[in-house]
Amino acid sequence: MARRTGRRPGNPDTREAILDAARAAFAERGFDAASIRAIAAAAGVDPALVHHYFGSKDQLFLAAMQAPVDPRELIPKVLAGDRDGLGERLVRMFLGVWDSPAGTAGVALLRSAVSNEWTARLLREFLTTQVLRRVLDHLDVAPAEVPLRGSLVASQLIGLAMMRHVIRLEPIASASPETLAATVGPTVQRYLTGDLSR
């Protein structure tokens, strides 16, 4: 009998154990403090196996979150262009994801985060480390202002998603993405780059 060649298929139980350990670590410690080594230990596997299944820590986090999109692919498009249009581009990109079929997972996550602290922590880490940090790191703002600016932007984006997709408040629920980008974008722009003292 000829021996089969190629990579051996992965064990789905091992993959799920890694994801369970990752979700717990990211929720308890946050993205920055959670290490691949600690996640592997909690899952009872070698760290190399975590890299084998998921590649990088960012990719593991996206898999643990069941994120429908990878912000690393979208944020460069938001950052391209003039600084004054950043707020509108960010709102447009955000709505492009949430209004698409991929947004269904985001709506489910948002609904769960309202009543489940563990899910809320994961959503908070996702917004902070995968979206807002990637945008704010490219702006010339004082490091001490980054947390406040990021939180203010998140309040607008998550509030918009909540009103549009969960509460379905009209006319926000049926407004065009262009209308919302034009009306909400300037507020997001102020939170990103404007004077927060007034």
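Heavy-atom basis, side chains included; hydrogens, waters and symmetry copies ignored.
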What I'd like to find out is whether the side chain of [X] reaches to under 4.5 Å of the side chain of [Y], using heavy atoms alone.
X    : Y    : value
V166 : V114 : no
L160 : Q156 : no
H52  : L49  : yes
H138 : L86  : no

**Q.** Residues E125 and R23 bridged, charged N to O under 4.0 Å
**A.** no
Q) Does a side-chain N-to-carboxylate-O contact under 4.0 Å join K57 and D32? A) no
Q) Counting only heavy atoms not in D195, do more than 12 fall under 6.0 Å of its CG? A) yes
Q: Step through the shown structure and confirm whether more than 12 heavy atoms of other residues, nucleotides or ligands are within 6.0 Å of CZ on R37.
A: no
Q: Check step by step if side chain to side chain contact (heavy atoms under 4.5 Å, CB included) holds for H165 and D99.
A: CA-CA 8 Å; H165 294 286; D99 292 353; 2.8 Å; yes
How long is the gap from [atom1] on [X] to [atom2] on [Y], to the nearest 0.5 Å?
X    : Y    : atom1 : atom2 : answer
L136 : T193 : CG    : OG1   : 10.0 Å
I36  : L60  : CD1   : CG    : 5.0 Å
I39  : F54  : CD1   : CZ    : 10.0 Å
L127 : L122 : CG    : CG    : 11.0 Å
L62  : S56  : CG    : OG    : 8.0 Å
R29  : R121 : CZ    : CZ    : 11.5 Å

Q: Tell me, please, which residues at least two apart from T119 pass side-chain hydrogen bond (donor to acceptor under 3.5 Å, both in side chains).
A: S112, N116
Q.
Tell me every residue that passes side-chain hydrogen bond (donor to acceptor under 3.5 Å, both in side chains) with E73, counting only those two or more places apart in sequence or in another chain.
A. none
(Q) For a quick check under 3.5 Å, do Q130 and D58 share a side-chain donor-acceptor pair by atom type? (A) yes
Q.
Test: ring pair (Phe, Tyr, Trp, His ring centres under 6.0 Å). Region: residues 78-130. Which pairs qualify, not counting sequence neighbours?
A. F94-W98
Within the side chain of [X], is there an N or O that forms a donor-acceptor pair under 3.5 Å with the backbone of [Y]?
X    : Y    : answer
R89  : A80  : yes
R133 : G150 : no
R92  : V78  : no
R168 : A173 : no

Q: Evaluate the ring planes of F26 and F31, with Trp represented by its six-membered ring, and classify them as parallel (under 30°), tilted (30 to 60°) or perpendicular (over 60°).
A: parallel
Locate the shortest heavy-atom distance separating [X] from [Y]; write the atom from each residue and the value.
X    : Y    : answer
A113 : A120 : O-CB, 3.5 Å
D140 : R83  : N-NH1, 3.7 Å
V91  : A181 : CG1-CA, 3.7 Å
G85  : Q189 : C-OE1, 3.8 Å
R149 : R190 : NH1-O, 3.5 Å
R134 : I75  : CB-CG2, 4.0 Å

Q | Criterion side chain to side chain contact (heavy atoms under 4.5 Å, CB included) on L157 and L90, from CA distance to verdict | A | CA-CA 9 Å; L157 297 179; L90 183 58; 4.2 Å; yes
Q. Knowing that exactly one of L152, T187, L139, V141 qualifies, which makes a side chain to side chain contact (heavy atoms under 4.5 Å, CB included) with L192?
A. L139
Q. Checking side chain to side chain contact (heavy atoms under 4.5 Å, CB included) against P71, which of V135, L132, V131 comes through?
A. V131
